[in-house]
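These notes concern the structure reproduced below.
Residues take their numbers from the sequence shown, with the count starting at 1. Fair warning: this is a prediction, and the values are worked out from it, not measured in the lab.
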Amino acid sequence: MGLSQTLLFYVLVCVHLGVSQHYLRLRPSPSDHLPVPDLKEDPDPEYDPREQDLTERTLRKKLGSNFDPNFMSITSPIILNFSEPDNQVKLQGPMPNEIKKLDLTETPYGLRIKVGKKARRKFLQWLWTYTHCPVVHTWKDLGVRFWPRYIKEGNCFSERSCSFPEGMSCKPAKSINKIFLRWYCQGFLRQKYCTWIQVQYPIISECKCSC
């Protein structure tokens with residue numbers, strides 16, 4: 001079984017197609033390997049849902065309260081490749097304690113230097129901004145075998161090192177699971193049986209600067 005197949009069928013609980021609830025994890029979370037890579041699908045259109053299988057009313061009812069318009073879309077978003085680093089300009093929440101409690105007056109050799117309150121505040125603000133790891137959201141087309149078809153994924157900002165001196169990078173720290181419907185087939189061609197099952201799709205929700 002290839003890597004993508006292993007990801008797709010990592011954990012499959014109670015896959016008896018006569019049972020009403022099925023849960024499939026696409027990836028253990030949190031994970032350094034998020035976001036989930038593109039899955040290698042069987043290109044045969046015989047394994048695609050038919051038009052009658054894509055009735056929005058039926059699928060909304062099957063997904064129920066798991067439908068989250070903030071992270072999923074039935075139709076193609078206007079700009080699929082739009083990305084926006086969250087809180088890149090304005091940092092939200094309190095300053096991390098490991099930065100806030102830095103002692104800037106003492107050097108490694110025991111010498112003390114005088115740092116004014118204004119200078120200290122500006123330096124700590126710069127350090128916080130420099131080491132901050134925003135989550136970058138982008139829309140992704142999962143293909144016709146997922147419903148809703150479009151997901152708003154999180155990625156860790158990786159255009160530069162987040163440490164000073166350089167060497168560390170932004171990596172996934174937390175993830176959240178969003179439940180989608182996945183078109184799942186058993187058997188082959190004429191003897192196959194297909195239906196929609198619920199899958200947990202992990203999305204990066206927080207990134208941190210780490211080795």
Side-chain angles (χ1 to χ4, degrees), residues 1-15 17 19-31 33-86 134-157 172 174-189 192-207:
M1 182 178 289
L3 174 61
S4 296
Q5 290 175 310
T6 303
L7 296 178
L8 180 59
F9 298 105
Y10 188 83
V11 177
L12 184 56
V13 181
C14 296
V15 183
L17 296 179
V19 182
S20 59
Q21 291 293 333
H22 309 281
Y23 296 96
L24 175 68
R25 284 185 78 102
L26 295 183
R27 165 79 73 172
S29 59
S31 168
H33 302 290
L34 290 175
V36 176
D38 293 336
L39 301 175
K40 292 183 179 179
E41 301 276 12
D42 189 323
D44 192 338
E46 286 292 327
Y47 292 98
D48 291 345
R50 300 161 298 178
E51 185 176 350
Q52 58 265 38
D53 299 315
L54 293 168
T55 305
E56 180 178 337
R57 183 177 179 180
T58 301
L59 296 180
R60 274 187 175 272
K61 185 177 180 181
K62 190 173 185 64
L63 192 58
S65 60
N66 293 313
F67 183 85
D68 186 348
N70 294 318
F71 287 91
M72 52 187 71
S73 177
I74 299 171
T75 57
S76 174
I78 297 176
I79 304 176
L80 271 177
N81 61 352
F82 173 77
S83 62
E84 175 182 297
D86 294 347
V135 176
V136 182
H137 282 120
T138 55
W139 282 102
K140 180 178 180 179
D141 183 355
L142 296 176
V144 71
R145 295 174 188 173
F146 281 87
W147 196 93
R149 178 169 176 166
Y150 302 94
I151 183 173
K152 190 177 181 183
E153 278 195 325
N155 295 269
C156 292
F157 188 75
K174 291 183 181 179
S175 63
I176 55 176
N177 285 325
K178 294 298 174 182
I179 295 180
F180 285 72
L181 297 179
R182 165 72 174 173
W183 186 247
Y184 177 76
C185 294
Q186 280 190 328
F188 299 93
L189 298 177
K192 73 182 185 303
Y193 179 81
C194 302
T195 189
W196 290 103
I197 62 173
Q198 292 189 351
V199 297
Q200 294 183 17
Y201 197 108
I203 300 172
I204 295 172
S205 59
E206 182 181 332
C207 301

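Summarising the geometry, atom NZ belonging to K174 is positioned 12.0 Å from atom SG belonging to C207; distances are rounded to the nearest 0.5 Å. Separating the CH2 atom in W183 from the CZ atom in F146 is a distance of 13.5 Å, to the nearest 0.5 Å. In this structure, I203 CD1 and E153 CD are separated by 7.0 Å, a value rounded to the nearest 0.5 Å.
In this structure, the side-chain hydrogen bond (donor to acceptor under 3.5 Å, both in side chains) partners of R50, at least two apart in sequence or on a different chain, are D53. Qualifying salt bridge (Lys or Arg N to Asp or Glu O under 4.0 Å) partners for R145, counting only residues two or more places apart in sequence or in other chains: E41, D48. Contacts of N70 classified as side chain to side chain contact (heavy atoms under 4.5 Å, CB included), with partners at least two apart in sequence or in another chain: D68. Not counting sequence neighbours, the partners of K152 by the side chain to side chain contact (heavy atoms under 4.5 Å, CB included) test are F71, H137, W139. Considering only residues two or more places apart in sequence or on other chains, E51 meets the side chain to side chain contact (heavy atoms under 4.5 Å, CB included) condition with none of them.
Taking the side chain as every heavy atom from C-beta outward, L54 and V144 approach each other to under 4.5 Å. Inter-residue side-chain proximity for P202 and V36 is flagged as met; some heavy-atom pair is nearer than 4.5 Å. You'll find the side chain of N66 reaches within 4.5 Å of the side chain of Q198, heavy atoms only. Side-chain contact between I74 and R149 is absent, with no heavy-atom pair separated by less than 4.5 Å.
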Legend entry - Residue pair K62, L181: steps toward the side chain to side chain contact (heavy atoms under 4.5 Å, CB included) verdict: CA-CA 8 Å; K62 190 173 185 64; L181 297 179; 4.1 Å; yes

